[in-house]
Amino acid sequence: MNGLQTDLIAALPELFVLSMAMFILIADLFLKPSNRIAIFLLTQITLLGAAYITISTHNPSVTYAFSSMFVDDPFADVMKLMIYLSTSIFLVYTRSYITLRGMFRGEFYALVLFAMAGMMIMVSGQHFLTLYMGLELLSLCLYALVAMDRDNARATEAAMKYFVLGALASGMLLYGMSMMYGATGSLNISEVASALLNGSQDKPVLVLGTVFIVAGLAFKLGAVPFQMWVPDVYEGSPTAVTLFIGSVTKLAAFAFVIRILAQGLYVLAIDWHGMLMIMAVLSIIIGNITAIAQTNLKRMLAYSTISHVGFLLFGLMSASLNGYISSMFYIVSYVLMTLAGFGMILLLSRKGFEAEQLDDLKGLNQRSPWFALMMLITMFSMAGVPPTLGFYAKFAVLQAALQAGFLWLVVFAVLMAVIGAFYYLRIVKLMYFDEPTDNTPIINPPEMNMLLSVNALGLLALGIMPQRLMDICAYAVAHSLQ
Amino acid sequence: MTTLPLLSLAIWVPIFAGILVLLTGDDKNASSARWIALLGALAAFAVTIPLYTGFNMADGGFQFQEGYSWIPTFNIHYHLGADGIAVPLILLTSFTTVLVVIAGWEVIEKRVAQYMASFLIMSGLMIGVFGALDAILYYVFWEAMLIPMFLVIGIWGGPNRVYATIKFFLYTLLGSLLMLVAFIYLFYQTNSFEVVDYYRLQMTLPVQILVFLAFFMAFAVKIPMWPVHTWLPDAHVEAPTGGSVVLAAIALKLGGYSFLRFAMPIAPDAAHYLSGFMITLSLIAVVYIALVALVQQDMKKLIAYSSISHMGFVTLGFFLFSSIGLEGSIVQMISHGFISSAMFLSVGVLYDRMHSRQIADYGGVVNTMPKFAAFAVLFAMANAGLPGTSGFVGEFMVILASLQKNFWLAFLASTTLILGAAYTLWMVKRVFFGEIANSHVAELVDLNKRELLILTTLAILVIGFGVYPQPMTEMTHATVTQFLNHMAITKIPAGL
């Protein structure tokens, strides 16, 4: 096999997704609006095809492509598969929602696919510039998606905020990368890592560069003190897009952090782990306490995301293989929970009505006992109560942090988890203990009902049998990071 | 002997029965939900009986063991086993569940299937707590049990139920999470979540004290010990009758049992070191909480405080480190299971008719409900620790053990006999005797067959174990001896 062939095979999923996105964009021009369901199906087929390619080209070794700017390793493959899966779930959940709001257009699906291609590049980037390009491809699509409901003033405002702050974060990231380049003479992740290992660089430049990079990453993850955009964007965006930003993109952001910090800058762990620790603690405090005061469900979930990011950083800050595996397990669990949680909001929404206030959940047990039970499982999972997946996610990061010796931080985190449990319990309270104020029947496409049930029951099933998922995360990380 | 996985059956039969009940759907099928629940509860009780008949009394270790690898990444096993302390509590759990299902038969009218299912699932989870020999398995059952209880109090409870149930949940969660941290810490010392591996782990005294305190936070809340008891009166008062019964009869014992399973044998030196502290807290519960009980206006609140006071006796017996004290505590746990169930069910009988729990609303009930009054007086006597009832046996053993240790300790402990009699009998006097207080009392109807069945069963048990406590002490004896031998050996590494 010659070099180009290796390169193309390594990047085959990305190429396939990009060409399908362009095909969909063109196909949409020739489709009558009544036949637009074909676009939805075509997108799902794209995801399936990408999954097929990723699995069939998978091998447990690490392949570098395009002069080591791009990498195909088990970590990338597993993360990509998770991205396909969650995107596919996201598309099923949102179909009826966007149809009722006039957003069921070819552009929506093309933008989602382009964003997904951006995420895949973030997952597979092995060079600061490749990573950055992936990030920008994703971000630009997201800005457009948030603003897609263009007559909606709130959405436009959210898009504006997201764009300005996102651009600022990208700037910081680039600035940090340029400092790294100045200090090490390379933008390639592995070369940066080996140059740092020699340790002949100017320490202040390295530390300053690390600070900028970590700040940029924290912006993208939504960790305190860079969390300002999260609640506003979550609240302002159409719920369908909030679901996308809140779930799928977090996978890419996590992979991005792993590529840069764990692979590129692991030698500097002593510098960045302190920063992550402070951000983790602040995120957990501010996320949990502010969430209590919210009356808007989307805003509450935004603050809940911030506290989840805090727990995620708990795994990362231990800067060990165990820590990375745990945080990967955490992010995957988090995405599955978020899909179910926002799925419920979409389920309760209907034409002209957004179920985004906490009170809209009142008496759900009387309106639909089955979906109340599904939401109950999701909420207890987010609170980290066994036997749900959320418990093992918290368990995994806490044990990693404890192994790294952060006993008192772990004690602190569990105390904050009790505060966190309160606002999830409040949702259960609204659903089960209160009388409904709104008795409109809940009508949704059957495939959405089914998938949401599978999603929520999956949280329970994976909570009883988490071993398989843990194995996958361990496999992905152990075969890709040293 | 038998090769059936008895403990697994005891856990999963009620859980699957609960799921089955849930599948009957809404209240249109309420009667089928009730019958399936009753059959499920009876089946669940039936599968626990072989645990008693097949139990080897001479063996103080874990019997009926089952072990499978569950989560190899963290070396977590599905490992079950029961000793002479766990088996009686498992039987108590499955038995109480049958009572609760019958007690809720026609009283619960809305969302019957969810009510019955909650209790069945909770029963399985609590048996899991008693049977688990792997720390994470135990923790999963321990926490999962909060979910159905949260719903039971919140959906079917009284007017202030939301406050009570959230308080209950958060209090318990706070303690439990610290216990989880202790488990993870122990995991990194032994590379195992097996309880028996923790028994062998040597630790210095300061470490033992931290581990013990982490467990203490979890179990003291659950028992509950003074001063973390404040969730209990709220939860009891607001819970429906069935919820109160399960809370008092079983949920509190989870805490007591866990002291014996985890906190004390894992950190024996810390347990000795802190025994003065634990005994003081226990005595405060026994004396002070009994005085608090004396001034209650609400019957359920009074019984709730009486439960805390009785559980103080249990923890007192634990930390005397004598065979008679420990056996007394275990007997007290079982007997309190029967008596508190009976007391709460009696209040339930009155509440279903009058919709009031205030003592002041009653008076002269004996004139209209003579049969019920007879039962109520019997249970009140048992609660006060009258000889001949099961309530006496445990208290007497614990007082005897404390007398061996210190006269003043025994003196303070035995004030419970006076205070207990005072608050219980005074309540009985005000509710049952005297003139008929008002027209509502005059219209009361005596027990129906269902209520008569429940109360008779409990009365037989209360008197039976009062006269002949042998089966209980016999079962626990070998385990208690082994436990005390373990506690007597220091786990502090040599040279420190």
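Just so we're on the same page: letters track the sequence lines, and every chain starts at 1. Small disclaimer: the values here were computed from a predicted structure and weren't measured.
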[X] [atom1] to [Y] [atom2] distance, which is reported to the nearest 0.5 Å:
X: B:Leu151; Y: A:Phe433; atom1: CG; atom2: CZ; result: 5.5 Å
X: A:Leu407; Y: B:Leu210; atom1: CG; atom2: CG; result: 7.5 Å
X: B:Ile184; Y: A:Phe395; atom1: CD1; atom2: CZ; result: 5.0 Å
X: B:Tyr185; Y: A:Gln403; atom1: OH; atom2: CD; result: 13.5 Å
X: A:Met431; Y: B:Ile155; atom1: CE; atom2: CD1; result: 10.0 Å
X: B:Arg161; Y: A:Lys429; atom1: CZ; atom2: NZ; result: 9.0 Å

Can you name the nearest heavy-atom pair linking [X] to [Y], along with the distance?
X: B:Ile147; Y: A:Pro386; value: CD1-O, 4.0 Å
X: A:Val411; Y: B:Leu178; value: CG1-CD2, 3.8 Å
X: A:Val428; Y: B:Phe150; value: CG1-CE2, 3.5 Å
X: A:Val410; Y: B:Val181; value: CG1-CG2, 3.9 Å

**Message:** Need one label for A:Ile325: side chain, backbone, both or neither, based on atoms under 4.5 Å from any heavy atom in chain B.
**Reply:** neither
**Message:** For A:Ile419, which atoms come within 4.5 Å of any heavy atom of chain B: side chain, backbone, both, or neither?
**Reply:** neither
**Top of B:Ile166, B:Leu22, B:Thr73 for chain A proximity - count of heavy-atom pairs under 4.5 angstrom** = B:Thr73
Side chain from CB out, backbone as N, CA, C, O: work out which of these in [X] comes under 4.5 Å of a heavy atom of chain A, or both, or neither.
X: B:Leu180; answer: side chain
X: B:Leu146; answer: neither
X: B:Trp70; answer: both
X: B:Thr165; answer: side chain
X: B:Phe141; answer: neither

**Asked** Once the angle between the rings of A:Phe380 and B:Phe169 is folded into 0 to 90°, is it parallel (under 30°), tilted (30 to 60°) or perpendicular (over 60°)?
**Response** tilted
**Asked** Does a donor on one side chain and an acceptor on the other come within less than 3.5 Å for A:Tyr432 and B:Gln114?
**Response** no
**B:Ile76 and A:Gln467, any side-chain heavy atoms less than 4.5 Å apart** = no
**Request:** Measure centre to centre between the rings of A:Phe391 and B:Tyr139, then say whether the value is under 6.0 Å.
**Result:** yes
**Item:** Neighbour count above 12 (heavy atom, 6.0 Å) for B:Phe16 CZ
**Value:** no
